[in-house]
Amino acid sequence: MPDAGIRVRFAPSPTGHLHVGGVRTALFNWLFARHHGGTFILRIEDTDRSRSTEENLGFVLDALTWLGLDWDEGPPAPGYRQTERFDLYRAHAERLLRAGRAYYCDCPPAQLEAERKAAEARKETFRYSGRCRDRGLAAGALRLRIPDEGSTVVHDLIHGPVVFEHRQLDDWILVRTDGTPTYNFCVVVDDVDMRITHVIRGNDHLSNTPKQVLCYEALDYPVPQFAHASMILGPDRSRLSKRHGATSVQAFRDEGILPEAMVNYLARLGWSHGDQEIFTRQELIERFDVKDVASSGAIFDRTKLEWFSHEYLKMTDGARLAAMAIPFIERAGLPVPADRARLAAMLETLRERAKTLVELVEVGRFYFERPREYEPKAAEKFLTVDGAQRLQRLIELVQAAEPFTAEVIETAVRALAAELSLKLVDIAQLARLAVTGRTASPPIFQVLALLGRDETLVRLRAVQVAIAR
RNA sequence: GACCCCGUCGUCUAGCCUGGCCCAGGACGCGACCCUUUCAAGGUCGAGAUCGCGGGUUCGAAUCCCGCCGGGGUCACCA
C-alpha cells in the first residue's frame, strides 16, 4: 500500500568516508521509502565546519551512488545543508523563547564543569540545575525548559515503548552563547521543516530521543515515528570503528566487493525475511519492513560479505564483468586486452574462482601477462627431459588444431594422452604450468583457446627454452 | 556511576507476541566424501546452541512472570 506521504531522511555528517554503519542506516531508510512509495531525502549535517569538507561530501555522494541509493531530495539542490539553514534555527529558537519554553542561561562553563564533577562524585547523572530558569536573562546559551515531573515515552517501531523519566533529563542547550544551534536542535527543526514522518537511525541516538520529543512538543509540532536500528559491532562486540579494520564503503569498493553484495549483506545484517539470504533489489524493496529489523547488535563479518560478493560475481555476465574489472586490471599494472568480447569470455572463466574484483584479476593474471616464473614444486615435477618431449608433441598439436577451439584441443590432447599411455591430468598440468606458470587455473583447454594459438605457442616454446637451460 | 538498549550454534539469524509442530530450523565459516584435466563451482553428509544464569507459573517454556549477571550505548555551549 503505497503511501506517498511517507518521508524519511539520511543525514550524514561529511567528516570522512562513509562508514558501513551509516550506509546501513541509509539503506534502511531508502528501502523503507521505496517500499512505501515515499520520499527519501539526503540532508547534510555540516555544522562542524572544521571537519566537514567538500571532498568528504563527495565521498558520501559517491558511496550512495555506487550502491544505487538514489535520493529524491537533497544535494546538489540548495537547502539541504545545515549551514544553509541558520535562519530557520534562529526563528525557531525565538519562538521557543517567546513562548517561555526556552530561556537564556549564562552559567560559566567552568561552574557547569564543577557541578558535573560533583554529580559524578555523588554517582549521579549530571543534570543542569535550572539556576537560570527564571532569571529572565536576555542573552547567553538558550536552554529548553523540561518539565520536572512525569515521563516521556518514545514509541519505537523496533523496540516498542521506551520510557524516560524527566528527572533523568535536563534543560539542554538549543543554541550556544555564540549563536550557533546545537545538533539536537538542528535535527528537530530540520525534521519538522522537511516534514519527516519516520526517523530511522542508529541505536546510539535512542537516549537523545526523549529530549528531541520534548522539543517537538514545545514547538507544538507533531512527533515523527522513530525506529532505532541496532548498531554494527566489531569482533569484540563494541561499536564498529576504524580500529577494527577497513570500515568505509570506499575501502570495500577498492577491494572489489560488488555493490549489490554490499547492499544485500548490509540488508541481511540485522534484518531478515525467513530463511532467505539472496535478495534482488526489487525483492528487498518488496519485503523490507522496519518491524523485521533486529533489536540486537550484529558483528560485522567480512567473510560473509565476501560470500555474497562471490555469489553475485558468479551471476554476472562477461560484459558487465569486463566493465567492472577494467579499472582493477589497470590498477594492477596489467594491460587491458583490446578485444572486449575476448576479455568478457576470459572473465567468465574466472568469476566462480574469485570473491572480489581484485581476486578476479589476480586469479586470471596469466590472461594479461606471460608467466614470470613457474611454480617451483610443479616445475621440478613437470619441467623435465620427459616434459620437454611432451611439450614438443603439444606444440605440434597446437599448430595443427583446426579450428583452435577448446573442444578441438581437448579431443587432440586426449588422443595424445592415450597414445603416450598417460593420464590426461599429466598433460593438462604440464600445459597449465607452461601457459599460466601455476597449477591452478580455469579448464586448460578453454584457457588455451582464449589465449589464442600464437600466444599459446610463444608460451610453450618459452618453457622448452627454460628446460633446455 | 545513573539512565537506556540488548543477550538462540564461532558469526548472521528463524522461532518468542498467539506456550506443545523445537531434545531448536536456515545461512556463512569449518570438516569429510562425490564429481573432476588442476583450482574452483556444484552435490551429499557431518561436527557445532543444555535458547546468558537462577527461581517461578504450567501437564508442558527458547517462548509467560520475577530476580540476577554479562555486553553495548548515552550522559558536552561534539555531531
Side-chain angles (χ1 to χ4, degrees), chain A residues 11-13 15 45-48 50-52 82 105 107-109 112-113 116 119-127 140-143 154 156 158-160 162-165 167-170 172-184 186-187 202-211 228 230-231 233 235-239 265 268-278 294-308 310 314 349-354 363 378 410 413-414 417 423-433 436 438-445:
Chain A
S13 173
T15 53
E45 318 239 304
D46 59 349
T47 47
D48 182 351
S50 56
R51 293 191 298 154
S52 298
Q82 290 185 333
C105 161
C107 294
L112 261 18
E113 189 54 37
R116 180 172 297 111
E120 204 171 301
R122 271 182 281 122
K123 299 184 188 305
E124 282 174 16
T125 302
F126 171 70
R127 192 168 168 277
L142 191 69
R143 287 184 185 271
V154 175
D156 192 277
I158 293 169
H159 295 281
V162 183
V163 182
F164 293 87
E165 297 295 330
R167 289 205 55 78
Q168 295 298 138
L169 276 21
D170 72 349
W172 56 286
I173 292 176
L174 303 168
V175 182
R176 303 183 185 93
T177 304
D178 67 4
T180 58
T182 61
Y183 168 78
N184 281 111
C186 292
V187 169
N203 211 218
D204 48 339
H205 290 285
L206 184 51
S207 297
N208 283 327
T209 308
K211 289 181 173 185
H228 288 92
S230 68
M231 332 212 53
L233 279 23
D236 61 357
R237 300 208 78 89
S238 69
R239 136 202 237 153
Y265 174 68
R268 274 291 288 109
L269 191 64
W271 171 81
S272 60
H273 183 80
D275 287 339
Q276 191 172 347
E277 295 285 346
I278 305 277
S295 52
S296 54
I299 294 174
F300 187 82
D301 178 9
R302 49 171 317 127
T303 306
K304 187 150 186 184
L305 168 62
E306 286 174 358
W307 174 75
F308 273 109
H310 190 192
K314 285 188 290 185
T349 69
L350 262 20
R351 63 186 171 195
E352 62 205 28
R353 295 172 169 73
V363 87
E410 175 165 356
V413 172
R414 281 186 187 278
K423 282 184 291 187
L424 182 60
V425 62
D426 295 318
I427 296 183
Q429 284 302 74
L430 172 62
R432 188 164 354 249
L433 182 66
T436 71
R438 315 205 272 224
T439 52
S441 83
I444 189 62
F445 309 117

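What you are looking at is a predicted structure, and each value in this text was computed from that prediction instead of being measured. Numbers restart at 1 for each chain; the letters A, B, ... are given by sequence-line order, proteins then strands.
At a threshold of 4.0 angstrom between heavy atoms, the contacts of A:Pro442 include nucleobase atoms, whether or not backbone atoms are also involved. Residue contacts for A:Val363: at a heavy-atom cut-off of 4.0 Å it reaches no nucleic acid atom on any strand shown. If you check every strand for non-hydrogen atoms under 4.0 Å, A:Thr303 touches sugar and phosphate atoms only. A:Phe164 comes within 4.0 angstrom of sugar-phosphate atoms only, judged by non-hydrogen atoms across all strands, and of no base. As judged by a 4.0 angstrom heavy-atom cut-off over every strand, A:Ala298 is placed among residues touching the sugar-phosphate backbone only. The residue A:Ile444 sits close to a base: some heavy atom pair falls under 4.0 Å. Looking at heavy-atom distances under 4.0 Å, A:Arg116 makes contact with sugar-phosphate atoms alone, never a base.
A:His159 has a side-chain polar atom (N or O) that falls below the 4.0 Å cut-off from OP1 or OP2 of B:C6. Put simply, A:Arg237 has a side-chain N or O that comes within less than 4.0 Å of OP1 or OP2 on B:C12. Between A:Lys314 and B:G42 there is a side-chain polar atom (N or O) within less than 4.0 angstrom of OP1 or OP2.
Listed candidates were B:U13, B:C77, B:U38. Nearest to the side chain of A:Ser441 is B:U38. Comparing B:U38, B:C6, B:A27 against the side chain of A:Gln429 picks out B:U38 as the nearest. Relative to the side chain of A:Arg414, the nucleotides B:U37, B:C3, B:C12 differ in distance, and B:U37 lies closest. When distances run from any side-chain atom of A:Ser207 to the nucleotides B:C39, B:U11, B:G73, the shortest one goes to B:G73. Checking B:C5, B:C77, B:A79 against the side-chain heavy atoms of A:Ile173 singles out B:C77 as nearest. Distances from the side chain of A:Asp204 to the nucleotides B:U38, B:G73, B:A79 place B:G73 closest.
Between B:G20 and B:A61, the distance separating the two P atoms is 11 Å to the nearest Å. Taking atom P on both nucleotides, B:U18 is separated from B:A41 by 45 Å, rounded to a whole Å.
In the interface, the side chain of A:Ser295 is not paired with the base of B:C5 through any donor and acceptor atom under 3.5 Å apart. On a pure distance criterion of 3.5 Å, a polar donor-acceptor pair joins the side chain of A:Glu277 and the base of B:G26. Scanning atom types as modelled, no donor and acceptor separated by under 3.5 angstrom connect the side chain of A:Asn203 and the base of B:G73. Interface remark: the A:Arg432 side chain does form a donor-acceptor pair with the B:U37 base, using a distance-only criterion of under 3.5 Å.
Residues passing the side-chain contact (heavy atoms from CB on, under 4.5 Å) test with A:Arg438 are A:Glu362, A:Arg365, A:Phe366, A:Glu375, A:Thr436, sequence neighbours excluded. Looking at residues two or more places apart in sequence or on another chain, you find no salt bridge (Lys or Arg N to Asp or Glu O under 4.0 Å) involving A:Arg167.
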Where do A:Asp170 and A:Trp172 land on the side chain to side chain contact (heavy atoms under 4.5 Å, CB included) test, with the steps shown first? CA-CA 6 Å; A:Asp170 72 349; A:Trp172 56 286; 4.2 Å; yes
Might you work through the side chain to side chain contact (heavy atoms under 4.5 Å, CB included) test for A:Arg432 and A:Thr439, ending with a clear yes or no?
-> CA-CA 6 Å; A:Arg432 188 164 354 249; A:Thr439 52; 5.6 Å; no
Note to self: For A:His205 and A:Val187: C-alpha separation, side-chain torsions, deciding distance, then whether side chain to side chain contact (heavy atoms under 4.5 Å, CB included) applies.
What the structure shows: CA-CA 11 Å; A:His205 290 285; A:Val187 169; over 6 Å; no
Could you walk me through whether A:Met231 and A:Asn203 pass the side chain to side chain contact (heavy atoms under 4.5 Å, CB included) check? CA-CA 6 Å; A:Met231 332 212 53; A:Asn203 211 218; 3.9 Å; yes
Sub-3.5 Å pairs of nitrogen or oxygen atoms, protein against nucleotides 49-53 of chain B:
none

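Between A:Asp178 and A:Thr180, the side chains place a donor N or O and an acceptor N or O closer than 3.5 Å (distance only, hydrogens not considered).
Taking CD of A:Glu410 as the reference point, atom CG of A:Leu424 lies at 7.0 Å (rounded to 0.5 Å).
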